[in-house]
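Before any comments, here is the structure.
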Number of protein chains: 2
Amino acid sequence: MSAKPDGNKGTDPDQGRKVLDNAPGAVWFRAGKTSRPRPQLSHERITATAVELLDRDGVRKLSMRRLAERLGAHATSLYWHVATKDDVLDLALDAVFAELDLPERHSASWQEDIEAFMTGLRSVLLRHPWAGALANSRPLMGPNALRCSEFAYTALTTGGFEGVHLSSAAATITHFVIGSASSEAVWQQRSDEVATRSAVDAHIRAHIDEYPTLAGHFPLLEEDDWDSHFHRGMRLLLAGLASPDAQERS
Amino acid sequence: MSAKPDGNKGTDPDQGRKVLDNAPGAVWFRAGKTSRPRPQLSHERITATAVELLDRDGVRKLSMRRLAERLGAHATSLYWHVATKDDVLDLALDAVFAELDLPERHSASWQEDIEAFMTGLRSVLLRHPWAGALANSRPLMGPNALRCSEFAYTALTTGGFEGVHLSSAAATITHFVIGSASSEAVWQQRSDEVATRSAVDAHIRAHIDEYPTLAGHFPLLEEDDWDSHFHRGMRLLLAGLASPDAQERS
DNA sequence: CTCGTTCTCCTACAGTGTTGGATTGCATCC
DNA sequence: GGATGCAATCCAACACTGTAGGAGAACGAG
């Protein structure tokens, strides 16, 4: 029938299912009357598979067709559960925020809470290197992202922040974590490709007269001190939060 | 010959140029023997036009064909000057950094320099709303971006920062500016589309039991206080930079 | 004039997001 | 049982994308 060399993969899941269901003895595999073989696609499965593919191949290689193929379905079937590809990305991004498990009850010091929030958020963003850049290009309004924000807001509230100062402090914290995580992710996947680091170093040192200060301090990023790099920035932020200016003046 | 309805636009720039060049009296338009009518495409023109299109239609609508059409050329001609579309984006992004004009000589107080750097960078990023998100998804290694970094580095150096603390402070500053600018850009272009803000408010207030603190403080972003929002975060950062912890401890 | 260089164009390919309608599977009611 | 209705999937197609290979035009040099 279909002359197209459609089947790249030898496994056609649909046909396979049909044959199995109608074969003699297949009753035992059907697991009872009430089990419908149909609902293979669901919000959860789509989200989970999208995260899996994003982790493996990055955000540019994620297409509806690949996602559908991985799910054993066809691309257009996704559009029954999802309005557009952006929806998939939103779902996947929010699923990342779901991985950040925050303590039910806040600890004694709000600084510790904020620190736990920042390091935790950073680690889940590094676990999914595509997430950081994505979080900067769309509003974070998923339920899990809101839950994370709520945690930071309450922690800062017990720290004495109110009104506009509260939201400014929370935003500043989030921007730092997302920015540092995404830049770390970018640099690490670039250094995987080729010896980019040495090329960058050479380029900067070639124009050492234009960027004298930069040239002297840049190779520091070569060492794998991303962790301490992040912690220094975090302490800087916490020091700013501790200063009286942050809460008093307009 | 070509049955294809190829010519969507009535203006075929190539034919038009040919006719003009060979028409009688066209000498006056040719501006002398040495001027070649050929070099219409150049690095600078490509970059400038890309920025223009990005400003107008956003990053998703920028395609090589549209860019080429705007330049009066064909898409594949771009690939002589540019290896890939990412190159175009890199060039455009660096052109944005070029718009940030920094004082030749640093002012008396390094805090003022840093403040000027942050507000200036923010304003150019807001002038090109696509730039913020883009800056988070690729390394900033263009000459103009490096020049900006150099400025911040030297300012922080006179502020007493050295070695790892210097780069950490600079990175923290940059992450904040880029993050806040891109989130502002995202929210402003979303609020243009539909009445998203009220929808978001309603959604949060609907789950007010899950996000009690958030629900009370979120509508603050409805007011157009993005400027003061940014300035509060900036003061918070500057307070952190002023704290002794930032430079002393490891 | 020919040659080589530089730049632009044509053709083409594989792949993209997304739409409208046809088709299947299932539950329910007559 | 058969018919109806709904939910979910599939099929075919469209306009469009980034990009490769090579042909072709304009130019300067020999």
Side-chain angles (χ1 to χ4, degrees), chain A residues 1-8 12-22 30-43 45-46 50 53 57-69 71-90, chain B residues 1-8 12-22 26 30 32-43 45-46 50 53 57-69 71-90:
Chain A
M1 205 60 72
S2 65
K4 264 187 183 174
D6 171 61
N8 284 337
D12 187 338
D14 200 21
Q15 275 191 4
R17 187 159 49 76
K18 268 185 198 163
V19 168
L20 267 181
D21 282 359
N22 298 341
R30 266 204 298 268
K33 256 185 184 177
T34 57
S35 92
R36 304 183 293 171
R38 268 304 206 76
Q40 33 180 351
L41 251 45
S42 72
H43 245 153
R45 234 162 76 74
I46 289 176
L53 285 187
D57 302 327
V59 75
R60 314 188 67 155
K61 294 227 169 174
L62 179 77
S63 75
M64 296 300 264
R65 285 182 236 262
R66 276 151 110 100
L67 176 57
E69 188 197 25
L71 285 162
H74 290 221
T76 53
S77 305
L78 295 171
Y79 286 88
W80 175 259
H81 306 267
V82 145
T84 173
K85 187 188 176 183
D86 273 330
D87 284 11
V88 176
L89 292 177
D90 282 330
Chain B
M1 204 62 69
S2 66
K4 263 188 185 175
D6 170 62
N8 285 335
D12 188 337
D14 200 22
Q15 275 191 3
R17 187 160 49 79
K18 269 184 199 162
V19 169
L20 268 181
D21 281 359
N22 298 343
R30 265 205 297 268
K33 258 184 180 174
T34 57
S35 92
R36 304 184 296 173
R38 270 306 207 70
Q40 34 180 348
L41 251 47
S42 72
H43 246 152
R45 237 161 76 74
I46 290 176
L53 286 186
D57 302 327
V59 75
R60 315 189 67 151
K61 294 223 169 176
L62 180 76
S63 74
M64 297 299 263
R65 285 184 236 261
R66 275 149 111 101
L67 176 57
E69 188 196 26
L71 285 162
H74 289 220
T76 53
S77 306
L78 295 171
Y79 286 88
W80 175 260
H81 307 267
V82 145
T84 172
K85 186 188 177 182
D86 274 330
D87 284 11
V88 176
L89 292 177
D90 282 331

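Note on naming: letters A, B, ... go to the chains in the order of the sequence lines (proteins, then strands), and numbering restarts at 1 for each one.
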Between [X] ([atom1]) and [N] ([atom2]), how many Å, whole number?
{"X": "A:Gln40", "N": "D:dA8", "atom1": "CD", "atom2": "P", "result": "12 Å"}
{"X": "B:Leu78", "N": "C:dC9", "atom1": "CG", "atom2": "P", "result": "10 Å"}
{"X": "B:Ile46", "N": "C:dT8", "atom1": "CD1", "atom2": "C1'", "result": "12 Å"}
{"X": "B:Glu69", "N": "C:dT8", "atom1": "CD", "atom2": "P", "result": "17 Å"}

* Full working for side chain to side chain contact (heavy atoms under 4.5 Å, CB included) between A:Leu67 and A:Ile46 -> CA-CA 8 Å; A:Leu67 176 57; A:Ile46 289 176; 4.3 Å; yes
* To do: Of all the heavy-atom pairs spanning B:Met64 and B:Val82, show the shortest one and how long it is.
  => CE-CG1, 4.5 Å
* Answer yes or no: is there a side-chain heavy-atom contact under 4.5 Å between B:Asp57 and B:Leu62? => no
Distances for protein N or O near nucleotides 17-20 of chain D N or O, under 3.5 Å:
{"from": "D:dT17", "atom 1": "OP1", "to": "B:Ser63", "atom 2": "OG", "distance (Å)": "3.1"}
{"from": "D:dG18", "atom 1": "OP1", "to": "B:Met64", "atom 2": "N", "distance (Å)": "3.4"}
{"from": "D:dG18", "atom 1": "OP1", "to": "B:Lys85", "atom 2": "NZ", "distance (Å)": "2.8"}
{"from": "D:dG18", "atom 1": "OP2", "to": "B:Met64", "atom 2": "N", "distance (Å)": "2.8"}
{"from": "D:dG18", "atom 1": "N7", "to": "B:Arg65", "atom 2": "NH2", "distance (Å)": "2.7"}
{"from": "D:dG18", "atom 1": "O6", "to": "B:Arg65", "atom 2": "NH2", "distance (Å)": "2.7"}
{"from": "D:dT19", "atom 1": "OP1", "to": "B:Thr84", "atom 2": "OG1", "distance (Å)": "2.5"}
{"from": "D:dT19", "atom 1": "OP2", "to": "B:Tyr79", "atom 2": "OH", "distance (Å)": "2.7"}
{"from": "D:dT19", "atom 1": "OP2", "to": "B:Thr84", "atom 2": "OG1", "distance (Å)": "3.3"}
{"from": "D:dT19", "atom 1": "OP2", "to": "B:Lys85", "atom 2": "N", "distance (Å)": "2.8"}
{"from": "D:dT19", "atom 1": "O5'", "to": "B:Tyr79", "atom 2": "OH", "distance (Å)": "3.4"}

* To do: May I ask you to evaluate whether B:His74 reaches the phosphate of C:dC7, defined as a side-chain N or O under 4.0 Å from OP1 or OP2?
  => no
* To do: Taking only the side-chain nitrogens and oxygens of A:Trp80, find out if one of them lies under 4.0 Å from OP1 or OP2 of D:dA8.
  => yes
* In Å and rounded to the nearest 0.5 Å, what is the NE2 to CZ distance from A:His74 to A:Arg65? -> 11.5 Å
* Asked: If you round to the nearest 0.5 Å, how far is CG of A:Asp87 from CG of A:Leu78?
  -> 11.5 Å
* **Non-neighbouring partners of A:Thr76 that pass side chain to side chain contact (heavy atoms under 4.5 Å, CB included), sequence neighbours left out** => none
* Can you pull out how bent the helix from C:dT8-D:dA23 to C:dC30-D:dG1 is, comparing the axes over its first five and last five pairs, to 10°? => 20°
* To do: Mark yes or no for whether A:Lys61, through its side chain, and A:Arg66, through its backbone, hold a donor-acceptor pair below 3.5 Å.
  => no
* Asked: Residues in salt bridge (Lys or Arg N to Asp or Glu O under 4.0 Å) with A:Asp86, at least two apart?
  -> A:Arg138, B:Arg60
* Asked: Nearest to the side chain of B:Leu41 - C:dT8, D:dC10, C:dC10?
  -> C:dT8
